[in-house]
J.: 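The structure that follows is given in the form of structure tokens.
Labels below follow one simple rule: chain letters A, B, ... track the order of the sequence lines, proteins then strands, and each chain is numbered from 1. Both backbone and side-chain heavy atoms feed into the values below; hydrogens, waters and symmetry mates do not.
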Amino acid sequence: MHTKADGVVSGGYPLSSEQDSNRLRDERLRKLNALRQSGTNPYPYKFGRSHLAGALQEKYADLAPGTETEDVVSVCGRIMNERNTWMFVDLVDESGKIQLFCHKESLSEDDLKQLKLLDKGDFLGATGTIRRTKAGELSIKVKGYEILGKSLQPLPDSWQGLTDVEARYRHRYVDMLINPHVRDTLRKRALTIRAIRQYLDERGYLEIETPVLQVEAGGADARPFVTHHNALDLELFMRIATELHLKRLIVGGFERVYEIGRIFRNEGISTRHNPEFTMLEFYCAYGDYNEMMDFTEAMLRSVAQSVTGSASLNYAGNVIDFGKPWRRLRMIDAIKDVTGRDFDKATEVEAARQIAKELKVDISQAETRGAMVNEVFETCVEPTLIQPTFIIDYPVETSPLTKVHRSREGEVERFELFVAGRELANGYSELTDPEDQRQRLEEQARKKAAGNLEAMPLDLDFLLAMEYGMPPTMGIGIGIDRLVMLLTDSASIRDVIAFPTVKPLAKS
RNA sequence: GCGCCCGUAGCUCAGUGGUAGAGCACUCGGCUUUUAACCGAUUGGUCGUGCGUUCGACUCGCACCGGGCGCACCA
């Protein structure tokens, strides 16, 4: 990226700036002015459309090649291509494409002349009769047209498209308009969220919004973004989870609540991480983690079916089947299956350390036995979990908000869902014992005081809420972005976010 | 934060020490029922930025800016 002499910052693709002139833009400005001088408003107010392109393609699917009709229609959209010196124009709207046939037989001399002032990328409305060409292309024989929005920037090559990754994310609107699959992915994202809402709403869940700005950011192990409230002169944090507030709602008498909300975590950016992302969390009173696994499995199966039309899908070359019953496996048993090592027989830290060493797993960050078990699991087992698999019963040290296991010492009733080697969801029998919760959060606070930036702060109001009494509760968090990645076979989280975070270009 | 790689025309890309190239797009002309339309001619670049090395740098070195992938952190 370089800075131009006039101080305008330019990227791999031109920024639209009044100062950023180049000859391609100048040429379009020339046409814009010519339009204005001929009395045409290049940016009019409305257009009366009779049909979407897709609807016409469907309606006239059986019209034979070489057939003319008297059916008059009006369409509008963006000019994406032109052939035969504007005799044929590809007009694209949200539903698809329709070809315009601009011939001297049906257009006035002025209209024919003004075609030369159009460019690819302009918005156009056209009225004419439906016909299908001998070559089989459904077309509109244009009797009149109106420019609906002049484009000043050249579109990327219609054949090669826009592939430069940086340009695609920096100017996502160009990416969307030139690469149809980008729009398709975002459409499927919307369908996914709609399907989830519908599924939960139909089952008595209530969607409630909880604060984004918080005095303490808790509910997950993550570094928050810090911001500031001027009037209160108060340091505030952007939320890293919705968990602690949704559980307050359970205390407050709501029995089934959820939130689909933006979460902010001040961490690195990668193909699987965006600083802001969308998480679904939901909580249901009187259920445990077993019931939650049943519910989650049925819900995601239904969502996959309604978004993609099938319960089995392709991701990164793997066929992933949401239809078959999902495996449920104790974490320690999963490790045993893959490595042959048995942590049930390594109850002391030193024994666990020994196993990790033998497996060449880096445990330099792990202090407790539980953390070591978790490291071994993540390194050795996680990448092997391609088909949907619930890993259950986590070491207590790694899960400060989870109820202790009803029968297994040192474990908690927690599960995580893995698909395509990645974590997709995290749920548990919620910890509801205020004294146990206090001890666990105090332990977290000690870690935080000792310099662990991801440890949870001590949220005294949350503890107070729990002291008022909390029913048994099952809860879960599902990463919506990663779910959409799976459903759309997207390699990067940025592909499923309309405007992913990009570093701004330096001002000179 | 660390490692490897990348940045050349509006787009997609060649060019590895000796005058900056191609296809498409744009402009002009021709042609006119096309499907990446076709034919012809032109135009378009401080080769990401800066500083070095060199007789000479797109090419080599260093720094910086931006990006990709992997690791780390995590969802």
Side-chain angles (χ1 to χ4, degrees), chain A residues 1-5 9-14 16 20 22-28 30-31 65-66 68 80-90 97 99-105 116 119-121 131-139 141 152-171 174 178 219-223 240-241 263-281 362 364-365 378 416-418 422-426 452-454 477-483 485 491-494 502-508:
Chain A
M1 303 313 95
H2 65 283
T3 303
K4 297 197 167 180
V9 177
S10 175
Y13 191 75
S16 86
D20 181 21
N22 55 55
R23 84 183 196 294
L24 294 168
R25 185 165 181 274
D26 287 345
E27 184 58 36
R28 286 168 179 245
R30 181 187 67 75
K31 293 172 180 170
E68 305 258 354
M80 292 305 285
N81 201 8
E82 155 271 325
R83 289 176 294 280
N84 273 34
T85 323
W86 293 95
M87 189 179 288
F88 298 95
V89 176
D90 286 341
K97 185 188 91 174
Q99 178 172 272
L100 304 180
F101 178 52
C102 302
H103 198 265
K104 58 187 173 189
E105 280 175 19
K116 286 182 185 157
D119 283 296
K120 289 171 199 176
R131 63 195 294 273
R132 191 178 287 282
T133 65
K134 280 179 194 157
E137 188 76 33
L138 188 69
S139 308
K141 188 171 184 177
L152 299 181
Q153 293 288 345
L155 292 181
D157 189 288
S158 62
W159 184 245
Q160 304 284 357
L162 182 67
T163 60
D164 179 80
V165 179
E166 182 176 358
R168 285 187 52 218
Y169 294 132
R170 277 195 194 284
H171 308 291
V174 181
I178 211 80
D221 303 327
R223 298 180 64 174
I240 56 172
I263 300 295
F264 307 86
R265 295 190 183 174
N266 207 338
E267 289 157 355
I269 295 175
S270 78
T271 49
R272 290 179 290 283
H273 302 85
N274 198 63
E276 52 178 304
F277 63 101
T278 301
M279 185 138 81
L280 161 69
E281 285 194 40
D362 177 16
S364 55
Q365 305 292 320
E378 286 180 6
E416 289 190 314
L417 172 63
F418 293 89
R422 294 177 191 168
E423 183 187 341
L424 190 64
N426 176 19
N452 185 336
L453 295 167
E454 286 90 35
I478 300 178
I480 294 297
D481 311 84
R482 289 184 179 176
L483 175 61
M485 285 171 72
S492 169
I493 194 168
R494 296 170 148 202
V502 288
K503 200 168 173 179
L505 297 171
K507 300 245 160 63
S508 61

J.: Can you tell me the Watson-Crick or wobble partner of B/G1, both distances under 3.5 angstrom?
T.: B/C71
J.: Just the table, please: protein N/O against nucleotides 3-6 of chain B N/O, every pair under 3.5 Å.
T.:
none

J.: With both distances kept under 3.5 Å, what pairs with B/C64, Watson-Crick or G-U wobble?
T.: B/G48
J.: Please determine, for B/G17, whether a Watson-Crick or G-U wobble partner exists with both distances under 3.5 Å, and give it or none.
T.: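 Across any shown strand, B/G17 pairs with none.
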J.: Please measure how far the P atom in B/C58 lies from the corresponding atom in B/G17, and state the result in whole Å.
T.: 13 Å
J.: Can you sort out the partners of A/E416 under side chain to side chain donor-acceptor pair (under 3.5 Å), two or more places apart, ordered by chain and number?
T.: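 Counting only residues at least two positions away or on another chain, A/E416 forms a side chain to side chain donor-acceptor pair (under 3.5 Å) with A/Y394, A/R414.
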J.: Strictly below 4.0 Å: does A/N81 bring a side-chain N or O up to OP1 or OP2 of B/U34?
T.: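 The answer is no; no side-chain N or O of A/N81 sits under 4.0 Å from OP1 or OP2.
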J.: For nucleotides B/C60 and B/U54, find the distance between their C1' atoms and express it as a whole number of Å.
T.: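 Looking at atom C1' only, B/C60 and B/U54 are 9 Å apart.
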J.: Between B/U27 and A/K31, is there an OP1 or OP2 to side-chain N/O distance shorter than 4.0 Å?
T.: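 Answer yes for this pair, as a side-chain N or O of A/K31 is under 4.0 Å from OP1 or OP2.
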J.: What is the base-pairing partner of B/U35, counting Watson-Crick and G-U wobble geometry with both distances under 3.5 Å?
T.: none
J.: Does any nucleotide pair with B/C28 by Watson-Crick or G-U wobble geometry, both distances under 3.5 Å, and what is it?
T.: B/G40
J.: Has A/R422 got more than 12 heavy atoms of other residues, nucleotides or ligands less than 6.0 Å from its CZ?
T.: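 Check passes, neighbour count above 12.
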J.: Just by modelled atom types, is the A/D221 backbone N or O under 3.5 Å from a matching donor or acceptor in the A/R265 side chain?
T.: no
J.: Now, which nucleotide makes the Watson-Crick or G-U wobble pair with B/U54, with each of the two distances under 3.5 Å?
T.: none
J.: Can you list the residues that meet the side chain to side chain donor-acceptor pair (under 3.5 Å) rule with A/D90, with sequence neighbours excluded?
T.: A/R83
J.: Taking only side-chain N and O atoms of A/K503, does any of them lie within less than 4.0 angstrom of OP1 or OP2 on B/G66?
T.: yes
